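The structure displayed is predicted, hence computed values, not measured ones. For the single chain, residues carry numbers from 1 onward in sequence order. Scope of the values below: all heavy atoms of this structure, side chains included, with no hydrogens, waters or symmetry mates.
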Amino acid sequence: MSRRLHASGEDYLEAILVLQKSGRVRSIDVARHLGVTKPSVSHAVSLLRDGGFLTMDGDYTLRLTDLGQETAERIYERHCFFRDHLIAAGVDPVTADEDACRIEHAISEESFARLRESLLASDG
């Protein structure tokens, strides 16, 4: 697997990042969080493991590697940024969360960086 992820792979990494804040993360936890089947998670975990984004311990605990942690944090930062700005603009929180999930995958690094800089400059 290349180190370039599709949106679904990014969603799995983001979910693991969020879930690990509450403790141990297993495939079933990811399946519940994302509303997907356990076989779907098993397939994604295999691809993410092969890509160097995560490991699985003997007790089936999923752990992000340094690469996986960095990638997940970048994705989550984008998600929170867009969700929070959409809510501040008056968008319903559920809709804002769903839209942020779509936007976080579609926007380039350059566009996100420029938008963030622009909005932070206007806030300050």
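In the hydrophobic cluster analysis, where Ile, Leu, Val, Met, Phe, Trp and Tyr join through side-chain heavy atoms closer than 4.5 angstrom, Leu67 is grouped together with Leu64. Ile87 and Val18 are assigned to two separate hydrophobic clusters, defined by single-linkage of ILVMFWY side chains at heavy-atom distances under 4.5 Å. Ile75 is not connected to Val36 by any chain of hydrophobic side-chain contacts under 4.5 Å among Ile, Leu, Val, Met, Phe, Trp and Tyr, and they are in different clusters.
Considering CG of Leu13 and CD of Glu73, their distance stands at 11.0 Å, rounded to 0.5 Å. Expressed to the nearest 0.5 Å, how far NE2 of His33 lies from CD1 of Ile28 amounts to 13.5 Å. Remark: Leu19 CG to Glu14 CD distance equals 10.5 Å, nearest 0.5 Å. Atom-to-atom distance recorded for Arg24:CZ and Tyr60:OH is 11.0 Å, nearest 0.5 angstrom. Atom CD1 of Ile107 sits about 5.5 Å away from atom CG of Leu115, to the nearest 0.5 Å. Note: Ile103 CD1 to Arg78 CZ = 11.0 Å, rounded to the nearest 0.5 Å.
Across Leu62 and Ser27, no two heavy atoms sit closer than the pair CD1-N, 4.0 Å.
By the side-chain hydrogen bond (donor to acceptor under 3.5 Å, both in side chains) test, Arg114 is found to be paired with no residue, residues two or more places apart in sequence or in another chain being considered. Listed by chain and residue number, nothing satisfies the side-chain contact (heavy atoms from CB on, under 4.5 Å) test with Asp66 (two or more places apart in sequence, or in another chain). Annotation: side-chain contact (heavy atoms from CB on, under 4.5 Å) contacts of Val91 (sequence neighbours excluded): Leu86, Thr95, Ala96. Ser108 is linked by a side-chain contact (heavy atoms from CB on, under 4.5 Å) to Glu110, Ser111, counting only residues two or more places apart in sequence or in another chain. Under the side-chain contact (heavy atoms from CB on, under 4.5 Å) criterion, Ser118 pairs with no residue at all, not counting sequence neighbours.
Residue pairs satisfying the ring-ring contact (aromatic ring centres under 6.0 Å, His included) criterion with at least one member in residues 94-116, sequence neighbours excluded, are listed as follows: Phe81-Phe112, Phe82-Phe112.
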(request) Could you walk me through whether Arg63 and Gln20 pass the side-chain contact (heavy atoms from CB on, under 4.5 Å) test, one step at a time? (result) CA-CA 8 Å; Arg63 297 190 194 284; Gln20 75 183 10; 5.9 Å; no
(message) Could you walk me through whether Tyr12 and Ser40 satisfy the side-chain contact (heavy atoms from CB on, under 4.5 Å) test, starting with their C-alpha distance in whole Å, then the side-chain angles of each, then the deciding distance to 0.1 Å, before giving a yes or no?
(response) CA-CA 10 Å; Tyr12 281 99; Ser40 294; 3.8 Å; yes
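Remark: side-chain polar atoms of Thr61 are not paired, donor with acceptor, to backbone N or O of Val25 under 3.5 angstrom. The closest donor-acceptor contact from the side chain of Asp57 to the backbone of Asp59 lies at 3.5 Å or more, if one exists at all.
In summary, Glu104 and Arg83 do not engage in a salt bridge, as defined by a charged side-chain N under 4.0 Å from a carboxylate O.
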